[in-house]
Amino acid sequence: MGQFDFELDTCGLVCPEPLMLVRNKVREMDVGQVLHVWATDPSTHRDFTNFCRFLDHELLLAAESDGRYEYLIRK
């Protein structure tokens, strides 16, 4: 896994909470910084993919293992 500047654990939360937390964190970040996110809600894959596409962020990683989802998002 690559390096990241911030980490956010949204495990146990369900839509729309993970997306709201990511959105708020990304607002605080500088362009080029990377956020590492853990989640357990399967809908986060769709939500984070669309979030990055619509707001022109880069989804560097979207992986799933044992019911946990891991994401790297570059602002």
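Below, each value reflects all heavy atoms present in this structure, side chains not excepted, and no hydrogens, waters or symmetry copies.
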same_hphob_cluster([X], [Y]) at 4.5 Å side-chain heavy-atom cutoff:
X   : Y   : answer
F6  : L8  : yes
L61 : V37 : no
L21 : M29 : yes
L19 : L60 : no
L55 : V26 : yes

Could you tell me which non-hydrogen atom of [X] sits nearest to which non-hydrogen atom of [Y], and how far apart they are?
X   : Y   : result
T10 : A39 : OG1-CB, 3.3 Å
D41 : C15 : OD2-N, 2.7 Å
P18 : T44 : CB-CG2, 3.8 Å

Should the ring pair F48 and Y71 be called parallel, tilted or perpendicular, given that the plane angle runs from 0 to 90° and is split at 30 and 60? perpendicular

Taking the side chain as every heavy atom from C-beta outward, state whether K75 and Q33 have any pair of such atoms under 4.5 Å apart. no

NE2-CG distance between H36 and D9, expressed to the nearest 0.5 angstrom: 9.5 Å

CZ (R53) and CG (N50) are apart, to the nearest 0.5 Å, by 4.5 Å

Kindly write out the residues that satisfy side chain to side chain donor-acceptor pair (under 3.5 Å) with E17, not counting sequence neighbours, or none if the list is empty. none

Just jot down the side chain to side chain donor-acceptor pair (under 3.5 Å) partners of K25, sequence neighbours excluded, or say none. E28

Check: R68 main-chain N/O paired with T40 side-chain donor or acceptor under 3.5 Å: no

Under 6.0 Å between ring centres: does that hold for H57 and F51? yes

Within 6.0 angstrom of R23 CZ, more than 12 heavy atoms from elsewhere: no

